[in-house]
Structures are given as C-alpha cells and as structure tokens.
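Just so it is clear: chains get the letters A, B, ... in the order the sequence lines come, proteins before strands, and each one is counted from 1. These numbers come from a predicted model, not from an experiment.
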There are 2 protein chains.
Amino acid sequence: MIKDKKPYHHGDLRLTLLNKATDIIRQGGVESLSMRKLADQVGVSRTAPYHHFKDKNALLCAIAEQGFLLQDQAVKQIPSEHPQLTAAAMFEHYVLAYIRFANEHPETYDLMFGREIWKTGAPTESLKLVSKNSFRIWVEWIEQLQQQGLFDSGEPALRIAQASWAALHGLCRLFNDGIYVNRDDLEAIARTSAQMLISPSRS
Amino acid sequence: MIKDKKPYHHGDLRLTLLNKATDIIRQGGVESLSMRKLADQVGVSRTAPYHHFKDKNALLCAIAEQGFLLQDQAVKQIPSEHPQLTAAAMFEHYVLAYIRFANEHPETYDLMFGREIWKTGAPTESLKLVSKNSFRIWVEWIEQLQQQGLFDSGEPALRIAQASWAALHGLCRLFNDGIYVNRDDLEAIARTSAQMLISPSRS
DNA sequence: AAGCTATCTTGACAGTGTCAAAATAGAATA
DNA sequence: TATTCTATTTTGACACTGTCAAGATAGCTT
C-alpha cells in the first residue's frame, strides 16, 4: 500500500539495471560492461534492457546523469559548511572536493566527461541538461570568487571558469587514466594547481 | 641495390599497417579501427598483422609512440625559432603549440594520453620510454622558465610541471572529447590559461 | 637441391550490440 | 468475470569483433 512499485514482471527493472551497471563499471571499468552480461546478472534475457534503454549509449548516459547529480550534491554544501574561510581557502577546498569526487568515482567521472558519450556516442537530451546546469553552477561560483578579487576582473567569468575547470579536469584525467600513478601526490599537485590559478596581484 | 627493403612476401607490411591504421583512426576515430578491416584494406588476411604486432594494443602503442616523436619534434624547435621573446611570451607560445598539436592530431593525442593504453591496455616498454622522455623535456623546460622567474621558485619544478601540464592536457581533452565545442574559443581560453598559470608576483 | 625460418592464410571459437518476431503477463474494459 | 489491449520479456538471428592453433608458402642459407 506504500509506494511499493512492483508494476510488471520484474519490478522496476530499469532501476535494477542502472544500479547493477554502475556496480559493474565501478569494479571493472566501462569496458567491462556488456549488455548481455548485465542482463544475465540481473537474471533477465539479453534484450530485455533494450525496452528501458534505447541503447547501450543511453544506459551509459543515465549513469553519467546520476553522477552529475551526485557531484552537484557533494559540492553544493561546501560554502555553507565552511563559512569562515577566505576566498582563496574556499577555492582550494572546492578544488580538493572536486578531485576527491573524481578519485572516488573514477569510472562514473569518465562517463560524465569522456569521449565515449560526448564524441563517439550521443549524449541524451536529459544528460545535456543536467551537465549544462552543473557547469552553470561552476561559473556562478567563479563569478563570486572573481568579485572577491581571487581572479582577474578584466577577464569574463566564463573564460576563467573554462580555463580553471580545464585545469582541474586535466589533473583528474591524468590520474584516472593511469598516467600519473602516484596517488599520494594527488592532493599536493592539486594544491599547487589551486595556488597557481588564483592571482595574487590584479593583472 | 639501394635501400629498397622488400624483404618478404609483402614488403615491409609492418610500416604499411602502421600508416594505414593511423589513417583510419584519423578519419573515424580509434573506435573505428578494427584489426580485420585494417588487414582487409591493406590486402592481407585477418591474422597477418599479428606477426608484426602482438596485439591490437601493441599496434595502438606503436601509433602513440610515433605521436610522441612527432610532438617532440614540433615542440623542440620553438625556442630557437623565437629567441627574442620574453619568458612569458615563450611560455604562451609553447602552450599554443601544444594545443595546436593536440588539435591537429586529436586521435593520436587520445592514444598518447588516453586510458585505452595506459589504464585498460598495457603500454609497451618502448612507449613508456619515449613518453617518459617527452615529459622529461617538459620538466626541463619548466625548470628554465622557473629560473627566469616565471614560476614560484619555492615549489619543486616537477610539481609545477605536473600542474601546468595537467592544465594544458585538460584543455586539450575537453575539446578533443567534444565537451567544449566552440573551436574559436580554443586559443582564447589557452591564452587565459597561460596567463593564469604564470605568477606575476613571487608568492 | 635441401632444409630452415620468417611470413602469411584458413578455420575456428567465444564474445559483442541489437534488430525482428513471437510469447507472456498485467491492466483496462466490456 | 471474460476479453481485449498493451507493456514487458524472450527466442532466434545477423553481422561484427579480437585472436588462437594449425597449416601452407615464400625466400634465404647451406
């Protein structure tokens, strides 16, 4: 009588697939996810997933979408949690949080910002929406820090947001992709990055 | 009697494969390269390539290796070509050259620094070597610029090299992977990045 | 001319994504 | 309650993929 949604044969297969798929890629990477094995593990036939996700691509988009929501949530509460910090310290905090997220969910992160979806495949409309929103939040954040003198006011906030995010993203990728391997250095490099990015004097 | 190497049946199949494969990925991306189609286009049977490359992975490593050599070459001659530039201008020049390379050879760049080889697959020993050398060149470069006061002398050169390269890399990836799409902004963002990274005052 | 080895081919296997058509289960309607 | 309708799932099939094992062949060396 509660919200126990058990609509049809399986009982919300869509969600089950999504969770299981996320599980699989967490353990073995995106390339270890096959539609057939996924269906098998859920206990359903090969093509059943195709009635809930148009494509393998669509499934991956759904996972990425969840990733964006998770990240937004993890990052949203930073300012309210540390209201006493200076702008510079807050920025560093933000940077570290971003990198920690990428580090804790490497496979999801890869889906969120990888070519698999954005170049090779085709991003879902709804994925485009949530990702755009995520970036908007970042730009607004940069705008605030810019007003506090952390960044050059001569440049448009958008451009600074693009450049700084690119820097963060690059760092995450290098570690996630196995090019930088020494995990202990991650936070140190991140701190250096943060310090290099902010401008101590105004232009 | 000249160096016309036509050793066996085909006549340096290895090089032919390498070139054709590079061609294919340039046009259709890495995911469009299949060993079978490659063999077909070269006019040889499915498994012939396996006598010149242990794996598909080994073939991709060879392509990446060529990429590193090409990049080293393209970047090496920058200082000698513009000896009159200031350190800051030289750095910007370098940044733009790097990005231009990534932009002109997006698929090769992806192989050079992508998870396909470094995380999922296994980099060849010889690939590890040339890539390590490439990074060494970058660190030495940063070291020089650091001595010229472009970067904080308090930080180790290695760390600055890591952070700055990560920033560059991130920018390249965002464009190569189709997340930033407006190609006209590339150089502008790159210039902003370069300016943000250098330190106008010393700490 | 004989033997040897590097090179290439044929056959095979297990795996992939996904389409079309058939089967089935639950909800809606009569 | 019986029947129709539709959402869901299954079975079969196809064209691909990487790559292993065994056989054939071509060129060099002796």
Margin query: Whether the side chain of A:Arg36 and the base of C:dG15 hold a donor-acceptor pair under 3.5 Å is what I'd like checked.
Written below: no

Notebook entry, point to check: Side chain of A:Asn57, backbone of A:Ala122: donor and acceptor closer than 3.5 Å?
Noted result: yes

Checklist line | B:Asn103-B:Arg100 side chain donor-acceptor pair, cut-off 3.5 Å | finding: no

Note to self: What is the distance, to the nearest angstrom, from the CD atom on A:Glu31 to the P atom on C:dG17?
What the structure shows: 13 Å

Margin query: Short of 4.0 Å, heavy atom to strand atom, which residues of residues 46-64 of chain A count as contacting DNA chain D?
Written below: A:Arg46, A:Thr47, A:Ala48, A:His51, A:His52

Notebook entry, point to check: Per the atom types in the model, does the base of C:dT7 pair as donor or acceptor with the side chain of B:Arg14 at under 3.5 Å?
Noted result: no

Margin query: Side chains of A:Arg136 and A:Asn133 only: does a donor on one sit below 3.5 Å from an acceptor on the other?
Written below: yes

Notebook entry, point to check: Do other residues, nucleotides or ligands put more than 12 heavy atoms under 6.0 Å from the CD atom of A:Gln73?
Noted result: no

Checklist line | Atom-to-atom span, CG of B:Leu33 to C1' of D:dG18 - whole angstrom | finding: 12 Å

Next item on the list: Take atom CD of A:Glu116 and atom C1' of C:dT16, then tell me their distance rounded to the nearest Å.
Entry: 14 Å

Margin query: Using heavy-atom distances to pick each residue's nearest nucleotide on DNA chain D, tell me which of A:Gly43 and B:Met35 is more 5'.
Written below: A:Gly43

Next item on the list: Tell me, with the steps shown, if A:Arg26 and A:Asp23 meet salt bridge (Lys or Arg N to Asp or Glu O under 4.0 Å).
Entry: CA-CA 5 Å; A:Arg26 172 170 28 225; A:Asp23 236 57; 3.2 Å; yes

Check: Can you tell me if the side-chain N/O atoms of A:Ser34 get under 4.0 Å from OP1 or OP2 in C:dG17?
Finding: yes

Next item on the list: Please work out if A:Leu38 contacts a base, only the sugar-phosphate, or nothing of the nucleic acid, heavy-atom cut-off 4.0 Å.
Entry: nothing

Item checked: Length of the line joining B:Leu17:CG and C:dC8:C1', which is rounded to integer Å -> 12 Å

Next item on the list: Say whether B:Tyr109 and B:His169, considering side chains only, have a donor N or O and an acceptor N or O under 3.5 Å apart.
Entry: yes

